[in-house]
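These numbers come from the heavy atoms of this one structure, side chains and all, not from hydrogens, waters or symmetry mates. Chain naming here is simple, since letters A, B, ... match the order of the sequence lines and numbering starts at 1 in each. Bear in mind that the values here come from a model prediction, so they are computed numbers and not experimental data.
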Amino acid sequence: MYDILDGLINSTLGFGWPSWLISLIGYVLVATLLFAVAPFQMLFFTYYERRAIARMQDRIGPNRVGPEGIFQPIADGVKMFTKEDIVPDAADKRVHLLAPIVVVAPTMFMFAVLPWGPGMVPVDLNTGLLFFFAISSISAVGLMMAGWASNNKFALLGAMRAVAQMVSYEIPAVLSLLAIVMMTGTLSVVSLINAQGGLFISTNDVAGVPDLGLGWLIFTPVGLLAFMCFFIAALAEGERTPFDIPEADSEIVAGYMTEYSGMKFGLFYLAQYILNFLLCAIAAVIFFGGWQGPGVGWLYGMAISPTNPDGSWIFNLLAGVLGVFYFLAKTYFFFFVMIWIRGAYPRLRVDQLMDFGWKFLIPLTLVNVFSAAIWVAVTSWGVADGFGLVEGWSPMLRWGVAFVTTLVLNGAAYVIVARIYNSAQAARNRFDVDELRESLALPR
Amino acid sequence: MLKTEELQINIGPQHPSTHGVFRMIVTVDGETITDLKPVFGYLHRNHEQIAEQNTYLQNMPYTDRLDYFNSMANNQAYAMAIEKMVGIEVPERAEYLRVMMVELTRILNHAGALGFLINDMGMWQTQLAFGMREREKILDLFESASGARLMCNYFRFGGVVRDLPPDFIPRLKELLQAMPAFVDELERLLRENEILMQRAEGIGILPRDLALAYSVSGPVLRGSGIPYDVRKAEPYSVYDRFDFDVPVGTVGDVYDRFLVRIEEMRQSRRILEQVLEQLPDAQGGHINPKARQNVRPPVGDVYARIESPKGELGFYLVSDGSGKPYRYKVRAPSFINLTPLGDMCRGYKVADVVVILGSIDIVMGEVDR
């Protein structure tokens, strides 16, 4: 942002403003943008979801307010603001007020480490991923506060479910990230994306590979399995179907949101959609290269950057626009998948949810961590690390061996774990029915 | 072990998935149900007492309001009771028209009920929207025949109120042709959807002997493995002329009730095709011209029953010789099927309650009367 502003104001327009002023303008702009982008994303997502799911259900969806109904979310927002704020008599008033704030604030923090395009990250923390997941867990506290303070049984049940679900699905999510962190050797979101340039056959290790920005981690067996586990866990953390148990409207009304109205309810809604956006975005960043795509690296090569101070700011802008386009396209696609699942699947029961998380996802992610270790050993170790076997292999050979080994390992793990899980489920169901038949002496 | 406390929650009377104003007092231990007590009566509107103040014919549109999904079936049971009491002959053609309407009602009801059930499982209205689309087509047919979509009031003592409009039969044929695709789609959705199977298999088991003891009927009874269908057990109207099967389940869980309903839609289609074949040869008009509508039945009582889409629907009428019923009693299948709810839910999770309730397929207008 600094580079673009500096190029625009000082070089092109020739104002010659001091650098601190440029920095200040940059910070104010970025902060404003981030605060504007979060609610805007939420508004857009509600409209997007309603239109997309309406298509799946043979309906049209909101189409009255503005052209094709695009102002519908704004009308909904106005409605939220003008509604009466009801606090139940028996509620714990202070906690009741605090809960939505505690839920929304962390989701806003998470924007701090989200990279939008090349050189367009608000803060390049070297522990960005850790920050992201640490912060996202805080909202669980807010949910529990909401459920408890409402003094409503449905709210309490919903909050219990929400917290149990968030805690148990954080483990597979973080474990699948662990494999990625091992492979790339970094926790910084920016270096993670930089590692995903090049072509999909390899990361940047092989000389002469053109930088098409397609070295996404999804193209490795480890990344693929990690992505599957991560996306399922993200569905659970974002409380999306089939894991929307905490607010199962047909069972416990609205879960922890039951006793909230007006803008407080709106804040929960806001937090949820922003969290969904962020989870989709982080999935795009970690596994699909974020803003990486054909052309971005080439454009950014000609732009002003620490390695190339003589570039032109126009290329900064062009690379930024293309990068943001790729990034948002990937993010919106993942959100579309979430909507798709919502249109096609019923929700799991709470015990089935726990079973799936603990007995299926966690074993799979553990195997995946092991695969990631093999990948790292084969692709980058040598005699110095005590692994002399691969010394002297060409990078392509190393890559091939690592790919095949991890593919076989992960594939076998998936098949075996799925079979064990399925037979355990089936055995449990059959057992119930048989026992019942025997206890009632019914004919078979 | 931690010492835990049981929690009593009220599901309803205002709740998104109780299918009306129905209340369940649920005692839960964590998420597991230890006890469930259904509470009815919130929609009580004195149906039977009001019916005793009306003349016999005035009650015909009033029966529409019992189970508002299946007004045609209600009409038929009531008309049959009066015809039995007074001794009115029904022409053959009128009987075929009646069977046609009631079988269409059965398809309509099952399409809607399965949609609502899957909606209760949390599949956000997709199946419901598809079911409602099929229902709309049938309602359009009802509208062209009777002038109303829901409260049809189509039946009269001795027949039906008017004959079919000329374009009815072609439209019905078109509908029947398109129907297998819809039913197959629905079945595929059930059989190939892992999560849906997990939610339905082994849930809400109603064993055979319990089903008999509670005298449940309809798809719930057949789901429990008892092939009892009034259309076969005591053929009324012209049902003895049709060739159709009575599907039964094996275990009596939610999944069996699902499959029974899907198969019943297919069987209804079979019956409708036979109706279309035999209708041109049927004797008589749409109503017996000698039948009086302001009947004064002789002193006595009568019970007439049909297989409504929800189960055995019966009307018990006592006449004192005047123009109004002395006693008017409805055997409502929804109400009787609802009574074993507590036994079906015990031991399952809170989330299963709404699914089990959905699989019984109730309409509160009929339960509370």
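- Annotation for B:Phe182: atom CZ counts as buried by contact number, over 12 foreign heavy atoms lying within 6.0 Å.
- Contact annotation for B:Ile203: only side-chain heavy atoms (C-beta onward) come within less than 4.5 Å of a heavy atom of chain A.
- Expressed to the nearest 0.5 Å, how far OH of A:Tyr345 lies from CD1 of B:Ile118 amounts to 13.5 Å.
- Under the rule for a side chain to side chain donor-acceptor pair (under 3.5 Å), the partners of A:Tyr332 that lie at least two apart in sequence or sit in another chain are A:Gln41.
- In terms of modelled atom types and a separation under 3.5 Å, the side chain of B:Arg199 and the main chain of A:Arg347 share a donor-acceptor contact.
- More than 12 non-hydrogen atoms from other residues, nucleotides or ligands lie less than 6.0 angstrom from CD of B:Glu136.
- Note: A:Gln57 CD to B:Arg133 CZ = 11.5 Å, rounded to the nearest 0.5 Å.
- Within 6.0 Å of atom NZ in B:Lys232, more than 12 heavy atoms from other residues, nucleotides or ligands are found, so the atom counts as buried in its surroundings.
- With a threshold of 4.5 angstrom between heavy atoms, A:Ile53 approaches chain B through side-chain atoms but not through N, CA, C or O.
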Does the side-chain contact (heavy atoms from CB on, under 4.5 Å) test come out yes or no for A:Leu348 and B:Met121, once each step is laid out? CA-CA 8 Å; A:Leu348 282 170; B:Met121 283 187 178; over 6 Å; no
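- Atom CG of B:Leu212 sits in a crowded spot, with more than 12 heavy atoms from other residues, nucleotides or ligands closer than 6.0 Å.
- Taking both residues in full, the closest heavy atoms of A:Pro346 and B:Ile195 are given as O-CG2, 3.5 Å, listed atom of the first, atom of the second, then distance.
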